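I have placed the structure first, in the form of C-alpha cells, so that the comments after it can refer back to it.
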Amino acid sequence: MNRCILRCSHFLLLNAFSFTRYTDGSKWKFLEHKGPVFAPPYEPIPSNVKFFYDGKHMKLSPGAEEVATFFAKMLDHEYTTKDIFRKNFFKDWKKEMTAEERAKITDLKKCDFTEMSEYFKAQSEARKAMTKDEKLAENERLLQEYGFCIMDNHRERIANFRIEPPGLFRGRGDHPKMGMLKRRIRPQDIIINCSKDSKHPEPPPGTKWKEVRHDNKVTWLVSWTENIQGSIKYIMLNPSSRIKGEKDWQKYETARRLKKCVDRIRTQYREDWKSKEMRIRQRAVALYFIDKLALRAGNEKEEGETADTVGCCSLRVEHIKLYPENEGLEYVVEFDFLGKDSIRYYNKVPVEKRVFKNLQLFMENKEPDDDLFDRLNTSVLNKHLQELMDGLTAKVFRTYNASITLQQQLKVLTSADENIPAKILSYNRANRAVAILCNHQRAPPKTFEKSMQNLQAKIDAKRDQLSDAKRELKSSKADAKVRRDEKSKKAVETKKKAVQRIEEQLMKLEVQATDREENKQIALGTSKLNYLDPRISVAWCKKWGIPVEKIYNKTQREKFAWAIDMADDDFEF
DNA sequence: CGTGTGACTTAGGATCAGGTGC
DNA sequence: GCACCTGATCCTAAGTCACACG
C-alpha cells in the first residue's frame, strides 16, 4: 500500500480541478538528462559485396554507397517498385554521388543492388543468431545511460532517446515524397532543453550542439528539424511519466465534462441545421458528423506536400454520395474517403432529413473536388466549440464517444454467469465496437488464414477428445450401475471432471477463434491506448473479479497506473 | 481573418522477444 | 532443443490544435 502511495503520489495529490503542478504554465522546475543517442556511423560494406551498373561492377564513393545501401535494404519492399519512390530516391541519390558517378549512373533500372541486399539479409540472420545476452547487454547499457531523465525529483523513462537513423522516407499511402533521402542528424542539428541548474548533456567529442535552452514551458528534452517536411521532431517522456499521465487524465476529464453537456450541444446543432446562415448550417452538419461518426476534425493540408487525405472539415463533394432511398432506408449518405494514414473510411449511414437536405444544398453547383463545407474550417469549428464548453475541441467528441461506447457495451455484453474467458471476449467485443466506430483498421496479418486453420484443427481435435471422454463417462456410469461399489463411483466422478475440463478447454478455443476472426481487420490497440478512459476498464475488472493483467499488459499498466490506483468498481465515466 | 510554426497526441507497420508445441 | 507464432515493443509518420504575426 505504501509503495502505491509513493508511486502515484506525484500526481494523485492533485485533483480533478487542478491538474497541473504549476499555475504559471511551467511544466517542470528541474530537468536533467544525457541527451540523445545518435545513429551509429555508416560502416562501409566489404569490398567483395559489389554493386553493378549496366552489368558492370562499380565501386561507389562512400557517400553514394551509403545511400545505395538504404535502397538495397528495401529491395524486397513494394515501395521500391513505385515510380514516385524511385524518382525521388534517384534524384536524392544523385546529389550524393561524385561528378563521375553522376555522369555514369543515369538510369536506376540499370542499377543492380542484389549483392548488397543479400549481404544485409545475411547480416540480420547473423544478428538473430547472436545470443540474447549479447544483444541485450548493449541495449540495456544504452537504456540505463540515456533512457532516463530527472524531472522534478522523479527519475522518468524517456520514450525515444535514439535519434532517427538516416534512410529513405517511407510515407503512408500515395505520398509525393516517398523515397526521398532522410538525412543523418548530427550534434549541430540538435537543440537541448534542460534546466539551467542541471548538469547539461555533453555533445560527442569535437562537436557542438546547435543550442542549449532552458524552456520549462515545454516538455521536450531534445529537438531537431527533419528535412523531408521541415517539421520539428522531439525527444519526450514515456507515457508512464507524470507529465504524460496527468495530461492523459486531464483529457478524459474533459471528455467527462462533455458528457454533462452533450445533450445541450446536440439540441443546439440540430437547431442550427435550420439557420439562415450557411456558415452555421455547415458548422452544424459537420459537428453532427464528428459526433455521430467520430470523424476527425480535418485540418487543411498543403497540396503536394503530403498524401491526399481528409477529415470532416476538409471533406470534398467527391467523398460523399446521397441516396434519397437505399436498401429500404431513407436519406442515406455514403462516405468514401482516405483519412489519417490513408486508411479508407467507408460507411453508409441514414441521416435526418434536414441533414440530407442541407448536404444537397452544400453540394449544389460544385465540382467533385470542391470543399463540401466551403464556409468552414477546423479553426472556426473549434472556436465555436470553445464557446460551448471550456476546453472543448473536435477531438474531444472522439474521446467521449469512444469511452461512453465502451462503458455502455460492457454493460450490455457482460453477463454475470459467464466464466472469465467469456467475459474477456465480451470486453474485446466492447473494445471492438469502439475500434469500428473510430475506424481503427489494420492489414490482416500475413499468416492469418494459416493460423486460423491451425486453431480450427485444434478445435476439431478437442471435439474428438470430448466425445471420447463423454463415451468413457457413459460406459463408466453403466459400469457403476452394475457394480454399485465405491471404486466405480469414483471412476465416474473422475470421468465427469475430465469431460468438464475438456469442455472448458474447447470453449476457450472456440472463444479464441471467434475473437480472432472478428478481429481480422480491426486494430484494438489504438483505442485502448488513446481513447478509452482506463478507469472504465479498471472498474469493470474490479466489478467482475477479472485480473487487470488480462486486459492491460505491463506497458499498458505502467501507462495507466494512475487509473489503476484511482478507480473503484463503481467508477462511472 | 489567414498563414505559418511549434508542441503535442494519435496511428499503423516493422521488428523483436519470449512462449508454445512438436 | 528448435521452429514457429503471437503479443509486446519500437519506430516514426500523420494528425490536432493553440498561438504569434501581419
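Treat the numbers as computed from the prediction; the structure is a model and nothing was measured. In the text below, chain A, chain B and the rest are named by the order of the sequence lines, each starting its count at 1.
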| said: Of the options dA7(B), dA13(C), dA14(B), whose atoms approach the side-chain atoms of R213(A) most closely? | reply: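 When the side chain of R213(A) is considered, dA7(B) is the closest of dA7(B), dA13(C), dA14(B).
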
Touch class at under 4.0 angstrom, heavy-atom based, for [X] against every strand present:
X: G339(A); answer: sugar-phosphate
X: K182(A); answer: sugar-phosphate
X: T219(A); answer: sugar-phosphate
X: A394(A); answer: sugar-phosphate
X: K340(A); answer: base

| message | For R316(A), run the salt bridge (Lys or Arg N to Asp or Glu O under 4.0 Å) check against D374(A), D308(A), D370(A) and tell me which one passes. | response |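 Going through D374(A), D308(A), D370(A) one by one, the salt bridge (Lys or Arg N to Asp or Glu O under 4.0 Å) with R316(A) is satisfied by D308(A) alone.
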
| field | Along DNA chain B (nearest heavy atom to each residue), the more 5'-positioned of N377(A) and N439(A) | value |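 Counting from the 5' end, the first nearest nucleotide belongs to N377(A).
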
| Residue mapping more 5' on DNA chain B - nearest nucleotide basis, D215(A) or E302(A) | E302(A)

| query | If only side-chain N and O atoms of K27(A) are considered, is one of them under 4.0 Å from the OP1 or OP2 phosphate oxygen of dC8(B)? | reply | yes

| message | I want to check one thing: is the phosphate of dT16(C), taken as OP1 and OP2, less than 4.0 Å away from some side-chain N or O of T393(A)? | response |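 T393(A) to dT16(C) OP1/OP2: no side-chain N or O under 4.0 Å.
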
| said: Main chain of T80(A), side chain of R86(A): is a donor-acceptor contact present, judged purely on distance under 3.5 Å? | reply: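 Yes, R86(A) side chain to T80(A) backbone: donor-acceptor pair under 3.5 Å.
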
| request: Could you walk me through whether L31(A) and S198(A) pass side chain to side chain contact (heavy atoms under 4.5 Å, CB included), step by step? | output: CA-CA 7 Å; L31(A) 174 61; S198(A) 74; over 6 Å; no

